[in-house]
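Heads up: the structure comes next, in structure tokens.
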Amino acid sequence: MGLELLNIFILLLLVVTALAALRVRDLITAAAVFGVYSFLMCLLWAEMGAVDVAFTEATVGAGVSTVVLVATIFNLKRKSND
Amino acid sequence: MMSWLTSFQCLASAPTETVGTEGGFLVLQVIGVLLGVMGLLFFLGAAVGLLRFPDFYTRMHAAGKGDTLSTMLMLAGFGLVTMEDLSLGSWLLLIKIMAVVLFVYLTSPTSSHALMRAAFEDDELPLTEDDLRNSKRGKRRKKR
Amino acid sequence: MKWISLIPVFSVGALLLFAAKDFPEWGDPHSPASQSPVSSHFINNTGVDTEVPNMVTAVLADYRGFDTMFETVVVFIAGIAVLAILKGSGRRPRGRHRSYKLEAEPDLIVTYTVRLVVPVIQLFAFYVLAHGHVSPGGGFQGGVVMGASFILIALAWDLDHALVRMSLPRCMVIAAVGIIIYAGIGFLSMFMGGEFLDYAELERLLPVSREMARYYAILGVEIGVGFTVASIMFALYANLSSEGRLKGGL
Amino acid sequence: MFEDGAIINELLIERLNYFIYVVLLLIGLHAMIAKRNLIKKLIGMSIFQTAIILFYVSISVKNEATIPIYKAEHDPHGAASKAAAIELNSTNSGKPLYAPTELQSSETQQYANPLPHVLMLTAIVVGVATLGLALALCLRIQQGYGTVEEDELLVKLERSDARYSLSPLAKAISSRRRPARNSRNPRATGKSSSTPKRSPGYGKNLGSTKASKPSTAKTKTTQANKNPNSVNRKPGTTSAKIGTKKSLPPKKTSIKPAGKTSPQQKKGTE
């Protein structure tokens, strides 16, 4: 029966977290919110039946890429102008 | 029209077939669902504490403890609900879930400890009596 | 002037939404992608051809093995490029947190927990890699989990502590070995009389049937992918967190 | 407004998933175009990428279908195929074991489409590799110019361009007279980039790499006559040289904002 309520909820949360990751000035916060975005995406994919993709996103997107982003921002200026 | 709007109607009319009708033990499932509901309650408490507490340390206190306990409770409840029969497969699944519970028990307090220590070494000051007195007298102060 | 960027953005959006009404509905089993003969062939014949229950692993490493091999090469090249960009460009430690971080003792509780957890993580990485045939997982996921365990060591102590266990030259050698394993299995099956990455010909080396030869060759290929991905993930972190200096905290 | 066939109905109710994919993609695209911070641009790029991957994965969804792993009755090593193999081997002995059977087209509908999953699985891993590469480039830009904000970066690039597109005479004079001033953009100078400045500004780290090694030797030899072991103490010599010159103060003030912000901001943030 088409889209379900859980999908709709996760999709709307995805939009909210994507906007939040780009709105905040603090780059570390942006990286953390981007990790939240990745986990929501992983949840959506697991719900769609793409378990391998969800596993990859949980390890790569939410794990390593967030760590790498934070490690880089640690060496840069933390505040962003926009 | 096949659309997601119909799922709202599904919410309004509760599904007739409930858990426990086919396969599984009713007692285990009831206990599992109760554990899950308790976990959700603790999660709600953690979220409210995270929003309402005044400074970083009390917030982390709420988040760390409530998060750990509720995750463990919900995972345990999930493990009980999935015990459909006493076959080898379901026991293995239960053991795996219990391993996850063990690791949440190990790592979640450690992570909140690391966050606390980072905040302490970054000279984040806890809320003191004076702050409370000032906030009672004057306008409500946020942390620092 | 920022609003000018909205013009291309909204025109792209209008184009995409205009196209959206021709797409199939959510979960339509008769959509063109699900009806294509390629997908149905993969679903129907994976069990017969390779005896791997997880279709994604079989398609990834066998039917589309050439693609995956060069994806692995892309990851390897990205690691080399990061090394080349950041090599020797480090600056002296300066500022407050630098000197502070270098002096700071690693936290006792954190290090003790990491000591407990890291072996389990690495065991889980091997499990994910080897169990990818029958459950979600495989070379990419297992490799990333393995790399993350070294990143965890570097976070709990400092980078030197992790580099003792996995130095950067060793990282790059392991990454290259992973690609060599992958391509070597391909060439081996070519020398056995088949085509490149045609694993079924390996039955002459292994005492199994043709299908099980492909099964085990997929495992070997996944191990190669896991080697490359694990070491490159750690090399990325080690270079980016220290600006190529390869020492110090975080 | 929500009747069948209306465009709002078409987009927001029946194809809400596509609408949200497009919104996510546009958020990423807008961030890549309009955000000034390079890290923000990279986060926007990742959002763009995941939106496309989400679209791609979502076309593999089938109703009433499970994950693309064989169920027990289709498992090549399961009980069903073992029974089939025993039966097959009993009928014609001597044939090798042949366990699994090909699925029928009605059974195909029970599994989600594995092909998009495979394509996107590799795309995610390659995505993090490209993200790491882009972050390395960001670090390099930070080391060279002291900032990752695009507008500040453009100002600095413009200034260094203007400095090196002077007339040949002016260039020759400036490169001979003011080695320290000209080493702001060390790749373009190359000649005198090893002379340290008083302020630890941008461009220092690039200058200390191997690209400027021959010129280092050259300056060392020229100055070794006057002042041996003066490689590290050149502010004194440069200021002595600078003192004879007239055109310095306006130049200095024009450089000042950029040179002033960088080290202090660094100190403040670190």
Side-chain angles (χ1 to χ4, degrees), chain A residues 1-4 7-8 10-19 21-25 27-28 30-31 33-34 37-38 40-42 44-61 63-82, chain D residues 14 16-17 19-21 23-24 27-28 30-31 34-40 42-44 46-47 50-51 53-54 57-58 60-63 65-69 111-112 114 116-118 120-122 124-125 127-128 131-132 135-136 138-139 142 146-149 151-152 265-266 268-270:
Chain A
M1 65 152 248
L3 273 177
E4 289 181 9
N7 295 97
I8 298 294
I10 298 172
L11 281 170
L12 291 177
L13 263 182
L14 272 177
V15 174
V16 171
T17 44
L19 282 175
L22 294 170
R23 288 289 296 182
V24 288
R25 299 276 170 114
L27 285 178
I28 298 255
V33 177
F34 184 64
Y37 173 86
S38 291
L40 281 173
M41 199 63 105
C42 159
L44 189 58
W45 284 335
E47 206 271 336
M48 280 179 186
V51 275
D52 279 272
V53 186
F55 195 0
T56 315
E57 176 74 16
T59 52
V60 175
V64 171
S65 83
T66 307
V67 169
V68 165
L69 262 176
V70 170
T72 311
I73 292 165
F74 195 71
N75 289 320
L76 299 178
K77 223 168 44 172
R78 193 172 154 175
K79 294 287 172 202
S80 145
N81 284 351
D82 54 0
Chain D
E14 287 193 349
L16 183 77
N17 50 340
F19 184 74
I20 292 182
Y21 307 156
V23 167
L24 280 178
I27 289 170
H30 181 259
K35 291 287 173 187
R36 299 255 166 75
N37 193 298
L38 294 184
I39 302 289
K40 281 286 182 68
L42 287 180
I43 291 178
S46 289
I47 288 173
T50 36
I53 295 174
L54 177 58
V57 170
S58 79
S60 75
V61 180
K62 290 178 196 166
N63 289 329
T66 61
I67 55 176
I69 297 174
Y111 298 105
H117 299 181
V118 174
M120 291 305 110
L121 196 149
T122 48
I124 291 173
V125 180
V128 79
L131 180 71
L135 287 173
C138 280
L139 275 181
Q142 160 84 20
T147 179
V148 288
E149 300 280 339
D151 38 2
E152 297 172 17
Q265 276 173 349
K266 256 183 218 159
T269 50
E270 282 175 0

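Please read all numbers here as calculations on a predicted model, not as lab measurements. Computed over heavy atoms, backbone and side chain alike; hydrogens, waters and symmetry mates excluded. Letters go in sequence order (proteins before strands), and every chain restarts at 1.
- Chain A forms the most heavy-atom pairs under 4.5 Å with one residue out of D:T66, D:I69, D:I53, D:V118, and that residue is D:I53.
- In this structure A:V67 satisfies the side-chain contact (heavy atoms from CB on, under 4.5 Å) test together with C:I151, C:Y237, sequence neighbours excluded.
- Residue with the most contacts toward chain A among D:I43, D:L24, D:L54: D:L54 (heavy-atom pairs, distance under 4.5 Å).
- Counting heavy atoms from C-beta outward, D:L16 and A:L11 have side chains that stay 4.5 Å or more apart.
- Contact check for A:T17 versus A:L40: side-chain heavy atoms found under the 4.5 Å cut-off.
- Ranked by heavy-atom pairs under 4.5 Å with chain A, the list D:L135, D:D151, D:I67 is led by D:L135.
- Of the listed residues (A:V64, A:L27, A:L44), the one with the most heavy-atom contacts under 4.5 Å to chain D is A:L27.
- In this structure, chain A has a heavy atom under 4.5 Å from the side chain of D:Y21, while its backbone stays farther away.
- Only the side chain of A:I73 comes within contact range of chain D, with at least one heavy atom under 4.5 Å from a heavy atom of that chain.
- The candidate with the highest count of non-hydrogen atom pairs below 4.5 Å against chain A, out of D:S58, D:A51, D:A34, D:C138, is D:S58.
- Looking at D:K35, its side chain does come within 3.5 Å of a backbone N or O of A:L22 through a donor-acceptor pair.
- Of the possible polar contacts, one joining the D:E149 side chain to the A:N81 backbone as a donor-acceptor pair under 3.5 Å is found.
- For a residue to count as touching a neighbouring chain, one of its non-hydrogen atoms must lie under 4.5 Å from one of that chain's; by this rule A:M48 touches chain D with backbone and side chain alike.
- The candidate with the highest count of non-hydrogen atom pairs below 4.5 Å against chain A, out of D:V128, D:L131, D:T50, D:V23, is D:T50.
- When each of A:S80, A:S65, A:A46, A:S38 is checked for heavy-atom pairs under 4.5 Å with chain D, A:S80 comes out on top.
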Given D:I47 and A:F34, is the side chain to side chain contact (heavy atoms under 4.5 Å, CB included) satisfied, shown in steps? CA-CA 9 Å; D:I47 288 173; A:F34 184 64; 3.9 Å; yes

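- Considering only residues two or more places apart in sequence or on other chains, D:S46 meets the side chain to side chain donor-acceptor pair (under 3.5 Å) condition with none of them.
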